[in-house]
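Both counts, for ligands and for their atoms, begin at 1 and track the order of listing. Remember, predicted model here, so these are calculated numbers, not experimental data.
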Amino acid sequence: MAHTVPDISLNDGNTIPQLGFGVYQIEPKDTAEAVRRALEIGYRHIDTAQMYGNEAEVGEAVRASGLDRGEVFVTSKLNNGFHRPEDARRAFESTLSALKMDHVDLFLIHWPLPTRYDGDFVSTWKTLEEFQRDGRARSIGVSNFQVPHLERLAAEADVVPAVNQIEVHPYLTNEQVRAYGSEHNILTEAWSPIAQGRVLDDPTIVDVAEQVGRTPAQVVLRWHVQRGDIVFPKSTTPKRIEENFRIFDFTLDDTAMERLSGLDRGESGRTGPNPDEFDYIPA
Ligand SMILES: NC(=O)c1ccc[n+]([C@@H]2O[C@H](COP(=O)([O-])OP(=O)(O)OC[C@H]3O[C@@H](n4cnc5c(N)ncnc54)[C@H](OP(=O)(O)O)[C@@H]3O)[C@@H](O)[C@H]2O)c1
């Protein structure tokens, strides 16, 4: 069976590869090599952010790959200190100049920061709408938005986010936010898809992995794609970068899918902060 990564349609008519490569917590000095390796294996979607400090190295690796720009889907995200429209415009320009690209495929508001900026993420979102109108962001979306945040955008803005990138893995299945997305044509991108490794020694996951003859990471990533979410596991280990890519030549049956979904721990399963409270602004 082929290892082809499916392209999924976004609500704006563009498409996105369902599997990508995440570069959070990859040191700038290691990023170009990790991305080079990922592109060589076949990944065609890279997820970076202003906050990660490695956009320049992502751009460098994409250029060095010899692939056409149009073959690689590049996402970046607005940093938390730049939500005011004039700051967001400058920050977006700095993303394009760091990447040395004339557009990104997807640009996201990284966090809603509901306790900052007088609770106003709507003017920030309207600024991203400008970037999409002028073609410098092919698609725009949000990250870490909870249902009330999405409802507010629906009431006050014109463009429906193409994606909402949220924490999802077997210990935090995040069903309510995912359900809002599927009802409103907003794709869910699952960040920390293997909970930064924390779910990999779970006995249920190990058992399913043994049954299907795959690794725990492959089983968890396969669970995500069968749920229809987009994933971009991070690794700087060449063997794992390859392992995480090999998830399109087997399937999980309904029982296995339900066993993984049944591991949900709700709020206590989070590895990252709660978006309703998170207010971090990098120095
Ligand atoms: N929007 C947001 O707020 C947000 C927040 C967090 C993450 N993200 C995005 O989501 C991406 C993925 O999330 P993440 O980096 O937090 O965590 P993750 O992908 O769930 O896990 C990464 C960790 O798991 C290890 N790992 C990877 N593949 C493995 C395998 N096959 N077997 C065993 N261990 C494996 C990696 O180790 P090695 O590197 O040492 O191999 C690393 O420590 C990020 O890179 C970023 O793009 C977004």
**From the candidates G197, S143, A34, the one that places a heavy atom nearest atom 1 (N) of ligand 1** = S143
**Request:** Fit a plane to each ring of F131 and F92, take the angle between them on a 0 to 90° scale, and name the class: parallel (under 30°), tilted (30 to 60°) or perpendicular (over 60°).
**Result:** parallel
**Asked** Should Q25 be listed as contacting ligand 1, given a heavy-atom distance under 4.0 Å as the test?
**Response** no
**Prompt:** Any side-chain heavy atom of V177 within less than 4.5 Å of one from T188?
**Reply:** no
**Asked** Any idea which part of S192 is under 4.0 Å from ligand 1, heavy-atom wise: side chain, backbone, both or neither?
**Response** both
**Message:** Tell me the contacting part of L108 for ligand 1: side chain, backbone, both, or neither, using a 4.0 Å heavy-atom threshold, strictly below.
**Reply:** neither
**Message:** Is the ring pair H83/Y117 parallel, tilted or perpendicular, if the boundaries are 30 and 60 degrees?
**Reply:** parallel
**Message:** I want to know whether H110 and Y52 have ring centres closer than 6.0 Å.
**Reply:** yes
**Prompt:** Counting from 1, what ligand 1 atoms have a heavy atom of A195 closer than 4.0 Å?
**Reply:** 20 (O)
**Prompt:** Thinking salt bridges, do K126 and E129 make one under a 4.0 Å N-O criterion?
**Reply:** no
**Message:** Below the 3.5 angstrom mark, is there an N/O of P193, backbone or side chain, next to an N/O of ligand 1?
**Reply:** yes
**Message:** Under a plain distance cut-off of 3.5 Å, with no hydrogens placed, do Q50 and S76 share a side-chain donor-acceptor pair?
**Reply:** no
**Donor-acceptor pair, side chain of Q226 and main chain of T251, under 3.5 angstrom** = no
**Request:** Specify side chain, backbone, both or neither for T48, according to which of its non-hydrogen atoms lie closer than 4.0 Å to ligand 1.
**Result:** neither
**Asked** Tell me, which protein residue and heavy-atom name are nearest atom 17 (O) of ligand 1, and how many Å apart are they?
**Response** Q196 CG, 3.4 Å
**Request:** Quick one: look up the protein heavy atom nearest atom 15 (O) of ligand 1 and list residue, atom name and how far away it is.
**Result:** K234 CB, 3.2 Å
**Prompt:** Applying a 4.0 Å heavy-atom criterion (strictly less than), which segment of T271 is in contact with ligand 1: side chain, backbone, both, or neither?
**Reply:** neither
**Request:** Measure from atom 29 (C) of ligand 1 to every heavy atom in M51, R240, E243 and give the option owning the shortest one.
**Result:** R240
**Prompt:** Got an N/O contact under 3.5 Å between P233 and ligand 1?
**Reply:** no
**Asked** Nearest protein heavy-atom contact for atom 6 (C) of ligand 1: which residue, which atom, what distance?
**Response** W191 CE3, 3.2 Å
**Request:** Look at atom 12 (C) of ligand 1 and find which of Y24, F21, F232 reaches it with the closest heavy atom.
**Result:** F232
**Prompt:** In terms of ring plane angle, is the pair H169 and Y171 parallel, tilted or perpendicular, where the classes change at 30° and 60°?
**Reply:** perpendicular
**Prompt:** Are E267 and R270 ion-paired here, with the side-chain N under 4.0 Å from a carboxylate O?
**Reply:** yes
**Request:** May I ask you to check if ligand 1 and I194 share an N or O to N or O distance below 3.5 Å?
**Result:** yes
